[in-house]
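Below: one structure, written as structure tokens.
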Amino acid sequence: MSLLLAIPFTASTFIFSCAPNTKRAKNEKTFTFETLPESISLQGKKIYYPELKMPYTLFTNNELLIVGESRRTYDEFPPIHLIHSQKMDYLGAKGVIGFGPGELSDVAGMDAGSNENTFWVYSAMEKRFSEFSLEDTASLSSNQIKQEGDFFMAMAMKFSSDSTVMCRMVNDPFRFVEFSLDGQRIKNYGKWKDILVRKDFTNYMMADLHLGYFQGNQRNQTYAYASAYRDRLEILDKKSEQIYLVDGPYNFIPEFTAATSGGKSNGVIVDINEPMAYAAVEVSDDYIYGLYCGRTFREVREGSEYATEIYVFDLQGTIICELKLDTSIRALAVNEQAGKLYGITTDEDPGIAVFDLPSFD
């Protein structure tokens with residue numbers, strides 16, 4: 001689920017330039033360009049589909065590649081597309097844009113859930129989960145769940161069982177929170193106060209600075225959050241309740257502005273000249289893949305390249321290798337059984353880039 005949001009200026013601002021936190025968190029790991037064990041170059045094949053208008057996110061579900069459109073796509077076009085992940089044939093579309101029963105306001109994220117015959121879509125604008133069947137051609141969702149109560153403050157989530165989801169919160173003392181689908185808080189993991197950038201930072205400011213992308217794997221109960229502004233990856237092993245912090249390759253906190261209103265800090269704005277960090281993350285059965293940008297907003301705006309490096313980690317955050325792509329992509333999906341890696345190209349007519357996945361044994 002991609003959650004990189006624009007943060008507006010408020011009444012007054014103060015600029016900070018931070019060195020890395022000298023307090024070493026438990027299970028913290030680092031890597032640099034110089035310490036990368038291996039770098040592997042991959043050549044991609046782009047496949048263009050006229051049905052895709054402004055593709056934004058994707059994931060694999062068995063033999064399917066499921067693609068979600070940007071919320072900027074015109075409402076008359078379907079927001080979800082199904083593609084065979086090996087033959088790469090276009091199979092059909094799902095979803096209707098709207099706020100009525102069975103409709104979607106947007107496709108902010110997608111998840112396989114626990115039923116192999118369905119998949120779920122999260123709509124951030126209306127705070128609602130929608131389940132879609134893979135056994136019919138119906139466009140509308142067959143089952144929808146609305147976020148309510150404390151659960152309403154979750155901004156990114158992945159299924160942790162057939163009845164629970166692991167979440168990142170907009171404003172909460174904890175970095176990962178598990179909820180039942182009826183909105184009950186089940187368990188908390190990791191406190192922001194244990195890894196503060198500054199002593200005066202609030203929970204909201206810490207979540208803001210580390211805003212990014214969230215993925216999880218129900219089978220191995222591993223969940224990863226990759227920051228878009230800071231080169232930090234947080235990995236939750238739900239079984240052991242351990243959280244691994246992985247910093248790299250730059251290992252610094254970007255310059256940022258703390259925006260204030262009425263004497264209280266309300267948010268964080270990262271300087272536009274700072275390089276962006278992660279652009280997507282994927283959690284497979286054995287590895288974690290972090291798509292890395294490393295370019296400033298200006299460089300991305302003025303060029304066609306967005307992200308061409310993927311850092312591969314084991315499930316405890318140890319760096320395995322770097323994958324260097326010959327095609328710039330946004331979003332990321334991996335099918336290890338088929339030996340394929342997929343991304344959405346960032347050129348003028350975006351399509352799906354397919355790469356052969358190397359072996360890491």
Side-chain angles (χ1 to χ4, degrees), residues 1-8 48-61 64-84 90-159 162-165 167-170 179-183 211 213-216 280 330-331 333 344 349-352:
M1 176 181 302
S2 51
L3 269 280
L4 182 53
L5 308 178
I7 308 170
Y48 173 76
Y49 301 90
E51 295 87 355
L52 305 185
K53 304 305 179 182
M54 299 179 69
Y56 183 72
T57 185
L58 76 167
F59 85 108
T60 55
N61 185 5
L64 288 178
L65 186 64
I66 304 178
V67 184
E69 295 275 4
S70 165
R71 68 174 61 178
R72 294 182 292 142
T73 307
Y74 290 119
D75 291 355
E76 59 262 32
F77 297 118
I80 305 164
H81 306 274
L82 308 181
I83 296 171
H84 195 285
Y90 184 86
L91 301 177
K94 291 278 187 179
V96 175
I97 293 297
F99 291 86
E103 297 178 337
L104 302 170
S105 63
D106 62 288
V107 181
M110 299 182 290
D111 199 341
S114 298
N115 186 341
E116 65 179 13
N117 297 317
T118 68
F119 68 95
W120 291 82
V121 173
Y122 176 63
S123 299
M125 291 175 63
E126 58 181 340
K127 293 282 187 174
R128 186 162 67 174
F129 290 97
S130 300
E131 186 177 23
F132 288 88
S133 174
L134 293 171
E135 298 182 314
D136 59 39
T137 58
S139 295
L140 296 177
S141 167
S142 57
N143 178 31
Q144 294 183 303
I145 299 171
K146 187 77 172 177
Q147 284 179 254
E148 296 179 339
D150 194 19
F151 188 29
F152 186 82
M153 296 302 290
M155 64 176 174
M157 56 215 75
K158 290 294 171 182
F159 276 86
D162 59 356
S163 60
T164 59
V165 286
C167 304
R168 290 283 283 203
M169 310 295 287
V170 174
F179 282 93
S180 63
L181 291 178
D182 62 2
L211 193 66
Y213 306 91
F214 189 38
Q215 285 291 348
R330 70 174 71 253
I344 297 172
D349 296 307
I352 304 299

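For reference, positions follow the sequence shown, starting with 1.
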Here the gap from Asn117 atom CG to Glu135 atom CD, rounded to the nearest 0.5 Å, amounts to 3.5 Å
Tell me, which pairs form a side-chain hydrogen bond (donor to acceptor under 3.5 Å, both in side chains) where one or both residues lie in residues 92-102, sequence neighbours left out? Lys94-Asp136
For [X], all residues meeting side-chain contact (heavy atoms from CB on, under 4.5 Å), sequence neighbours excluded:
X	result
Pro55	Leu52, Val67, Glu69, Ile344, Pro350
Ser70	Met54, Tyr56, Arg72, Thr73
Asp182	Ser180, Gln184
Leu140	Val96, Glu103

Contacts of Thr118 meeting side-chain hydrogen bond (donor to acceptor under 3.5 Å, both in side chains) (sequence neighbours excluded), chain-then-number -> Glu131
In chain order, what residues pass the ring pair (Phe, Tyr, Trp, His ring centres under 6.0 Å) check against [X], with sequence neighbours excluded?
X	answer
Phe59	none
Tyr48	none
Phe159	Trp120

Does Asp75 have any salt bridge (Lys or Arg N to Asp or Glu O under 4.0 Å) partners at least two apart in sequence or in another chain, and if so, which? none
Which pairs with one or both residues in residues 107-121 pass salt bridge (Lys or Arg N to Asp or Glu O under 4.0 Å), sequence neighbours excluded? none
The complete set of salt bridge (Lys or Arg N to Asp or Glu O under 4.0 Å) pairs with one or both residues in residues 48-61, sequence neighbours excluded, reads none
Is the distance from the ring center of His81 to that of Tyr90 below 6.0 Å? yes
Does this structure show an ion pair linking Glu148 with Lys146, if we count only N-O contacts that are shorter than 4.0 Å? no
